[in-house]
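Notes follow once the structure below has been shown.
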Amino acid sequence: MTDPGEFTRATAVTRREGAAPTHPQPTAVYGSQVADGWDILGNANGGYLLASVARACAIELDRPDPVSITGHFLSPGTPGPTTIEVSTQRVGRRFATAAANLRAGDGKLLLSALGSFADLSEADGPLRVDAQPPDLPPVEECLGAPPPVGEGGEGPNFMHKVDMRLHPADAGFRHGRPSGDPRVRGWFRMPDGEHVDPLGLLCVLDAFPPTVFNSDLPVAWVPTLEFTAHVRCRPAPGWLACEFTTRIVSSGFLEEDGLVWDSEGRLVAQSRQLALVPRG
């Protein structure tokens, strides 16, 4: 049996039998864990947390792939045991839908999600895509993560759980030289050769530095309020080409839109998240 990669191990869930039914739908409870190292300055990456929740939903619904999932982030997640409560909303012939809550060990609600799941290996239909992969230099010419904070660097721990390479033109914020264009592009893969599946795409879509670091806003924590991901198809093996942009900053909020393309040039995932403007 093939040993799962680190991401799969870090998002593993176990169903607990005998969970009491609740109104309006029976609720299944899964044990999970916020693993060490998947954090940004102490707070677990949101896409990583959402992937754990989606894994529990996929198992409960017997549908392997998230097609559309929305998460509302209520409290920061820190390393330690967690539970995921999954309530099946509807099971149809092709799609199944569940609501889920992620709770810390003390019962604090961290994340609420609603998602529809299917088997994307069976997806078929007409194709029209009015977009194209970002213009990226070769991987070896892009910039990897700086050393993590614990090793005297400035890179968040999370960035060393994944293999991310930034377009040089979008990485100037690291040295106080933002590009002026709220956009971040780059390559992504898992560092241990683990294939990025649709659950992994949820992590990819929230992995890159905030786009507004390349604007005139402070390089500081950008809390996500709501995150929605659409998975179009299962990605082919290899590097993923990613692009994230922000068009609107107003009333203390900003939006960030993401597109992810696989090694065969197919659009495999999209995202939009609403976040708070960082404070200096």
Side-chain angles (χ1 to χ4, degrees), residues 1-14 30 32-38 44-69 71 84 96 113 115-124 127 129 133-134 136 138-140 142 144-145 157-167 184-208 227 229-244 258-271:
M1 182 176 179
T2 303
D3 182 51
E6 185 173 6
F7 172 77
T8 297
R9 294 193 298 270
T11 56
V13 299
T14 304
Y30 286 76
S32 57
Q33 184 90 12
V34 175
D36 289 325
W38 292 83
N45 172 264
Y48 159 72
L49 292 178
L50 189 61
S52 293
V53 171
R55 189 178 297 282
C57 292
I59 294 171
E60 188 64 23
L61 296 171
D62 194 26
R63 299 289 198 280
D65 304 316
V67 176
S68 174
I69 187 167
I84 302 169
S116 292
F117 292 72
D119 185 344
L120 287 174
S121 68
E122 301 172 353
D124 194 16
L127 178 65
V129 181
L136 291 170
V139 171
E140 59 271 15
C142 292
N157 291 328
F158 169 79
M159 293 182 69
H160 296 270
K161 292 294 186 180
V162 299
D163 191 351
M164 186 190 316
R165 313 291 178 89
L166 297 185
H167 192 306
V184 173
R185 297 161 291 173
W187 299 103
F188 184 101
R189 69 178 179 181
M190 293 298 179
D192 56 4
E194 180 179 5
H195 175 59
V196 177
D197 63 7
L199 292 171
L201 287 173
L202 303 182
C203 182
V204 178
L205 287 166
D206 194 40
F208 282 75
F227 174 91
H230 295 163
V231 177
R232 296 288 187 167
C233 60
R234 295 178 178 177
W239 287 94
L240 298 168
C242 308
E243 181 174 25
F244 300 88
L259 296 173
V260 177
W261 309 77
D262 72 2
S263 58
E264 296 180 356
R266 299 180 303 164
L267 178 67
V268 294
Q270 298 169 264
S271 66

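Just the heavy atoms: all of them, side chains too, but no hydrogens, waters or symmetry mates, feed the values below.
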Worksheet item: Which residues satisfy the side chain to side chain donor-acceptor pair (under 3.5 Å) test with Asp163, sequence neighbours excluded?
Response: Arg165, Arg189
Worksheet item: What pairs with Arg266 under salt bridge (Lys or Arg N to Asp or Glu O under 4.0 Å), at least two apart in sequence or on another chain?
Response: Asp262, Glu264
Worksheet, complete the sentence: Here the gap from Met164 atom CE to Met190 atom CE, rounded to the nearest 0.5 Å, amounts to 9.5 Å
Practice prompt. Work out which heavy atom in Ala118 is nearest to a heavy atom in Arg63; give both atom names and the distance.
Written response: N-CB, 3.7 Å
Worksheet item: How far does CH2 of Trp187 sit from CH2 of Trp261, to the nearest 0.5 angstrom?
Response: 12.5 Å
Indicate every side-chain donor-acceptor pair of residues 49-58 with a distance under 3.5 Å to a residue at least two apart or in another chain.
from  : atom 1 : to    : atom 2 : distance (Å)
Arg55 : NE     : Thr11 : O      : 3.2
Arg55 : NE     : Thr11 : OG1    : 3.1
Arg55 : NH2    : Thr11 : OG1    : 3.0

Discussion item. Within this structure, what is the OG-CG distance for the pair Ser271 and Leu259, rounded to the nearest 0.5 Å?
Written reply: 7.5 Å
Item to complete: Any chance you could measure Ile69, atom CD1, to Leu205, atom CG, to the nearest 0.5 Å?
Response: 11.5 Å
Practice prompt. Using modelled atom types only, decide if a donor and an acceptor are shared between the side chain of His230 and the backbone of Val268 within a distance under 3.5 Å.
Written response: no
Discussion item. Just verifying a value: how many Å separate Tyr30 OH and Ile59 CD1, rounded to the nearest 0.5 Å?
Written reply: 5.5 Å
Discussion item. Could you check whether any side-chain N or O of Arg185 sits under 3.5 Å from a backbone N or O of Phe244, counting only pairs where one atom can act as donor and the other as acceptor?
Written reply: no
Worksheet item: Is the closest side-chain heavy-atom distance between Ser263 and Leu240 below 4.5 Å?
Response: no
Worksheet, complete the sentence: Contacts of Asp36 meeting side chain to side chain donor-acceptor pair (under 3.5 Å) (sequence neighbours excluded), chain-then-number -> none
Item to complete: Tell me, with the steps shown, if Leu201 and Val231 meet side chain to side chain contact (heavy atoms under 4.5 Å, CB included).
Response: CA-CA 8 Å; Leu201 287 173; Val231 177; 3.9 Å; yes
Item to complete: Check ring pair (Phe, Tyr, Trp, His ring centres under 6.0 Å) between Tyr48 and all other residues, then give those that pass, not counting sequence neighbours.
Response: Trp38
Worksheet item: Side chain of Asp65, backbone of Pro198: donor and acceptor closer than 3.5 Å?
Response: no
Worksheet entry | Heavy-atom closest contact (Ala10 atom, Ala35 atom, distance) | CB-CB, 3.9 Å
Discussion item. To check you understand the geometry: which heavy-atom pair defines the closest contact between Gly200 and Val196, and what is its length?
Written reply: C-CG1, 3.8 Å
Worksheet item: What heavy-atom pair brings Cys203 and Phe7 nearest, and what distance separates the two atoms?
Response: CB-CE1, 3.8 Å
Practice prompt. Working to the nearest 0.5 Å, report the span between CZ of Phe188 and CG of Leu166.
Written response: 11.5 Å
Practice prompt. Applying side chain to side chain contact (heavy atoms under 4.5 Å, CB included), run through Cys242 and Val204 and close with a yes or a no.
Written response: CA-CA 8 Å; Cys242 308; Val204 178; 3.8 Å; yes
Practice prompt. Mind running side chain to side chain contact (heavy atoms under 4.5 Å, CB included) on Arg234 and Ser121 for me, showing each step along the way?
Written response: CA-CA 7 Å; Arg234 295 178 178 177; Ser121 68; 3.5 Å; yes
Discussion item. Run Val139 and Trp239 through side chain to side chain contact (heavy atoms under 4.5 Å, CB included) and show every step you take.
Written reply: CA-CA 9 Å; Val139 171; Trp239 287 94; 3.5 Å; yes
Discussion item. So, using side chain to side chain donor-acceptor pair (under 3.5 Å) as the criterion, who are the partners of Arg232 when residues are at least two apart?
Written reply: Gln270
Item to complete: Would you mind reporting whether Pro64 and Phe117 have side-chain heavy atoms less than 4.5 Å apart?
Response: no
